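Heads up: the structure comes next, in structure tokens.
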Amino acid sequence: MVERGWHEDAVIYTLDVKTFNDSDGDGWGDFQGLIEKLDYIEDLGVTCLWLRPFYPSPLRDNGYDVADYYSVHDRMGTPADFRELTDRAHDRGIRVLTDLVFNHTSTDHGWFQRAREDPDSKYHDYYLWTSHVDDAYQTSNIFPDREDGVWSYDEVADKHYFHQFYHHQPDLNVSNPAVRDEIHDVMRFWLDQGADGFRIDAAHPMLLPKGHNGTTEGIGLFKELKRVVTAAKDHAVLIAEADDQPEHLDYYFGDGEAFDLMFNFVLNAHMVYGVGVRDAWPLHRANEVLPDISGAGQWANFLRNHDEWNLLKLPQEALEHAREYFGPGDGSSWIFGRGHRLRLADLFGHDHDRIAMAHSLLFAYPGTPVVLSGDEIGMGSDLWLDERESVRTPMQWDDSENGGFSTAGREDCYNPLVVGTEYSFEHINVADQQSDPDSLLSRIQHIIAARKRSPELSDGDLHLAESGHKDVLVHRVDTDDTAFIFAHNFADEYRESVLQWEVPDADTSKQLGDGGYHIEDDGVTFLLDPCDYVWLRGDKSDWD
Ligand code: NOJ
């Protein structure tokens, strides 16, 4: 039997060090501040941290514009602080993944500076240039509201360089073996500092046509990364951020030789949309369009991330509906022609029952669940902030100044705390919710604990049932020995749902949820108040 990798049973929590907790009062979160909050993270029950970029950077893309791969931004700490974090996290059984950005660097990176100054330097070929932009390969920029195209002129080099994201993020020439060697060295370095693996940013753009001739790379690029990390650390894992077309997603697993996990953007768009519009059809559709990845790898499922809520994987009509349905009405949250720069709580109208149910559903799906820091207490966004910064405000710890995030002045914080709305730190904070057994935070802790009691769920087989109501989702996950049945009521009214699967009473136990159920000869009936959920578990040999 193949040994299960730790990532298959993990519960991932993603955070940005600079907005999590400030230990030295300068207004920026830092590694020591994060270390101070490890009790909180452990109590939440998560088993793995994914840290967003913390490297030296001009921060024109929140750190996804890296100026030096080998250090820590001085406002967040030092490499020694990073090592201390990984040691302390490991002592508690918590793994640490870091974010690595290899599709591009910042224009401030030393490689780019040398590349533009000297066309004969080896660094020139680390990037993609053209002297004849009219003949060069063209494609659309990934940030269409902000950038006109994929070529920008550099005065020093007197050439145009290729960039799929912002103009200050020149694409690396990943076909160049010297660049690949650099990438491998960076990965070995951070594994050596204690990292347990990496989220590979922009994995899809890494494979897209690049440069003057539109050169492409194949899965060999990622198989190579996987070989390098495994040779350096046996248990190291790679997660792909690859928002590719559904039918192409299994490619990234490289038949078990490339990525271990992939963010499931398809499920994300459909799950949040379905729960929000109180209709289960998007979950049925997601199931139809996603490829079968059994044996190849596993999905990393999530409700929100630190970017816009990207709706491109919905059918066009649903995308247009979501644009109006979820926004504040003035269009201020819509970005890049594809999504809302809102948090989960904004999308669900500040309704903690709905947020809890959405997390229950996320954790009731096969795959590795990923929780965005702040969603567990229902933090909201600040649309006054530019672009995607709206969803990147500091963690709200208590109702003291700056929500307990920092003792600095409000104007000195990396981003200001949310104030003046129902989401302000006076109303939404960890301290209040820790002392309330019915709070969103407490409910999410219960959901995480329930999932950890049934780790086999992560690679089970998913079957969606007919629930008899368009706004109730009933599904089953089968593993070798166990069958789980879940019911989630998306409606604002009470629902009774009868499931025609034979379920023996004696062998069935409720694992989680306030919803009621009773079992009769012809199946199970769920009795569900608005936003109720129920998790049932049974011995499969008795059920079949
Ligand atoms: C995906 C990251 O999540 C996003 O924040 C960033 O802007 C782009 N990749 C470019 O690195």
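What you see is a predicted model; the values in this text were computed from it and never measured. Order of appearance sets the numbers: ligands from 1, and atoms from 1 within every ligand.
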Inset, instruction - Select all protein residues for which some heavy-atom-to-ligand 1 distance is less than 4.0 Å, and list them by chain and number. - result: Asp61, Tyr64, His104, Phe143, Phe165, Arg199, Asp201, Glu241, His306, Asp307, Arg388, Arg392

Legend entry - Phe112 ring center near Tyr161 ring center (under 6.0 Å): yes

For a quick test of your reading: what N or O donor-acceptor pairs under 3.5 Å do the side chains of residues 318-328 make, sequence neighbours left out?
residue	atom	partner	partner atom	Å
Glu320	OE2	Gln316	NE2	2.7
His321	ND1	Tyr273	OH	2.6
Tyr325	OH	Gly276	O	2.8

Inset, instruction - May I ask you to check whether Lys159 and His212 show a side-chain donor-acceptor distance below 3.5 Å? - result: no

Inset, instruction - Classify the side-chain pair Asn213/Thr215 by whether it contains a donor and acceptor separated by less than 3.5 Å. - result: no

Legend entry - Qualifying residue for salt bridge (Lys or Arg N to Asp or Glu O under 4.0 Å) with Arg343, from Asp382, Asp375, Asp307: Asp375

Inset, instruction - Please determine which of Asp171, Asp154, Asn173, Thr105 meets the side-chain hydrogen bond (donor to acceptor under 3.5 Å, both in side chains) test together with Tyr127. - result: Thr105

